[in-house]
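To start, the structure under review is shown below, and the notes come after it.
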Protein chains: 2
Amino acid sequence: MDIKQSSATETEEFRRRIFFALSEPGRYTIVRMLYHVGHEMGCSELNRHVEIDKSTMSYHLRTLREIGMVTTRTQGREKFVRLNTERINAVLPGILASL
Amino acid sequence: MDIKQSSATETEEFRRRIFFALSEPGRYTIVRMLYHVGHEMGCSELNRHVEIDKSTMSYHLRTLREIGMVTTRTQGREKFVRLNTERINAVLPGILASL
DNA sequence: TTTATAGTTGGAAATCTTTCAAACAATTAT
DNA sequence: ATAATTGTTTGAAAGATTTCCAACTATAAA
């Protein structure tokens, strides 16, 4: 059973990116909060619960969005973040529940 | 429900280190290989299956050992690596099976 | 219109990560 | 004793990541 590093499936790539995201305390906290709250949250609400500079928060949320772990919705001047639970569970079943 | 970043439990810390380990392709491949093989492997045997420079391999194995994801045993000039399945499953149940 | 609120972006600084070559130690084989 | 095999370590180079300030856009409120 040989494993070639060159050929990584999309799923594998997504998994690794999830691992990368969760290896950073700030993002770990954000994801954990979103999961436990169980519904979308406004960025500023998130920011009120998680102590991170607002631009750092923005940076982390962009990372999570680029990876595909969250989606966002803008309403007026507020932005709501929603955890993409289904997609994450599809490649790493149960991981969110164990955070 | 507030989450303070300052206080991370040991378990949470271990989880994050596992995520860190698995976010790197080389280590991901090593861990996956060890899991699927299902028993300890000699470093050179590992190196024959996973294409990584030997010193890079050594570096990654040291990281995995420091995190506590693997243990090693030396016999003669060979070194055997064993995945600490129980400990990993204790904090992230089923994660190895989904790699 | 002016001001406040929500969030993004650019850029710089500090730090961390990964990789490899070269030299090394330890063990086994010739 | 010499040579080959196993694996570690050091150190340097290149690159990635995180953080924060300051300036910015856009919407809503006064």
Side-chain angles (χ1 to χ4, degrees), chain A residues 3-6 8 12-13 16-34 40-83, chain B residues 3-6 8 12-13 16-34 40-83:
Chain A
I3 296 180
K4 289 182 180 57
Q5 262 186 271
S6 45
E12 217 170 284
E13 193 56 36
R16 280 209 297 259
R17 286 182 182 171
I18 291 174
F19 293 144
F20 170 77
L22 296 174
S23 71
E24 202 281 326
R27 282 187 305 250
Y28 182 101
T29 306
I30 291 168
V31 170
R32 190 160 170 262
M33 170 70 79
L34 286 169
E40 68 177 8
M41 281 178 97
C43 289
S44 55
E45 191 192 351
L46 240 179
N47 229 156
R48 247 171 277 125
H49 289 281
V50 183
E51 266 188 18
I52 298 178
D53 181 276
K54 70 172 183 173
S55 66
T56 301
M57 171 69 88
S58 187
Y59 164 72
H60 285 320
L61 287 177
R62 176 152 56 89
T63 303
L64 291 172
R65 200 168 49 241
E66 283 170 356
I67 289 173
M69 291 178 73
V70 303
T71 53
T72 50
R73 171 177 79 84
T74 305
Q75 187 179 38
R77 65 184 166 186
E78 278 221 80
K79 205 161 187 177
F80 296 90
V81 191
R82 176 194 299 278
L83 192 61
Chain B
I3 296 179
K4 288 181 182 58
Q5 259 188 276
S6 45
E12 218 170 284
E13 193 55 38
R16 279 209 299 259
R17 287 182 182 172
I18 291 174
F19 293 143
F20 170 77
L22 296 175
S23 70
E24 202 281 328
R27 283 186 304 252
Y28 181 100
T29 306
I30 291 169
V31 170
R32 190 160 171 262
M33 170 69 79
L34 286 169
E40 68 178 8
M41 281 179 97
C43 290
S44 56
E45 191 192 352
L46 241 179
N47 229 156
R48 245 171 278 127
H49 289 281
V50 183
E51 267 187 19
I52 298 179
D53 181 275
K54 69 173 182 170
S55 65
T56 300
M57 171 70 87
S58 188
Y59 164 73
H60 285 320
L61 287 178
R62 177 152 56 87
T63 303
L64 291 172
R65 200 167 50 240
E66 283 170 356
I67 290 174
M69 291 178 73
V70 304
T71 54
T72 50
R73 171 178 79 83
T74 305
Q75 187 180 38
R77 66 183 166 188
E78 279 222 80
K79 205 159 187 178
F80 295 90
V81 192
R82 176 193 299 278
L83 191 61

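Letters A, B, ... are given to chains in the order of the sequence lines, protein chains preceding strands, and every chain is numbered from 1. Values in this document were obtained by computation on a predicted structure and should not be read as measured data.
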Check every strand shown and say whether A:Ser44 touches a base, only sugar-phosphate, or nothing at a heavy-atom separation below 4.0 Å. sugar-phosphate

Nucleotides 21-30 of chain D: protein proximity per nucleotide (B base, S sugar-phosphate only, - neither; heavy atom, under 4.0 Å): B-----BS--

Answer whether the closest heavy-atom distance between the side chains of B:Thr29 and B:Glu51 falls below 4.5 Å. no

Value in whole Å for how far the C1' atom of D:dT5 lies from NZ of B:Lys79: 15 Å

Measuring to OP1 and OP2 of D:dT19, would you say a side-chain N or O of A:Thr56 lies under 4.0 angstrom away? no

Output the rounded distance in Å from CD (B:Glu45) to C1' (D:dT5). 16 Å

Tell me: CG of B:Leu61 to P of D:dT8, nearest whole Å? 7 Å

To the nearest angstrom, the CZ-C1' distance between B:Arg73 and D:dG7 comes to 15 Å

With side chains defined as the heavy atoms from C-beta onward, is the minimum distance between B:Phe80 and B:Glu78 less than 4.5 Å? yes

Indicate, with a heavy-atom threshold strictly under 4.0 Å, whether A:Phe80 touches base, sugar-phosphate, or nothing. nothing

Without decimals, in angstroms, what is the distance between A:Arg62 CZ and D:dT17 P? 12 Å

Is the shortest side-chain heavy-atom distance between A:Pro25 and B:Arg16 below 4.5 Å? yes

Picking from C:dT9, C:dT18, D:dG7, the nucleotide nearest the side-chain atoms of B:Glu78 would be D:dG7

In whole angstrom, what separates A:Glu24's CD from C:dT17's P? 11 Å

Check whether any side-chain N or O of B:Tyr59 sits under 4.0 Å from OP1 or OP2 of C:dT18, and answer yes or no. yes

Measure CZ/A:Arg17 against P/D:dA16 and give the value in whole Å, please. 13 Å

So, do A:Val81 and A:Met41 sit near enough that their side-chain heavy atoms are less than 4.5 Å apart? no

To the nearest Å, give me how far apart CE (B:Met57) and P (D:dT5) are. 18 Å

Given that B:Thr63 and A:Gly42 both sit by DNA chain C, which one's nearest nucleotide is further toward the 5' end? A:Gly42

Tell me the closest heavy-atom pair linking B:His60 and B:Ile30, and the distance in Å. CB-CD1, 4.0 Å

If you look at every heavy atom in A:Thr63 and A:Phe20, which pair is closest and at what distance? CG2-CE2, 4.3 Å

In the structure I gave you, are the side-chain heavy atoms of B:Arg27 and B:Met69 within less than 4.5 Å of one another anywhere? no

Would one find a side-chain N or O of B:His60 under 4.0 angstrom from OP1 or OP2 of C:dT19? yes

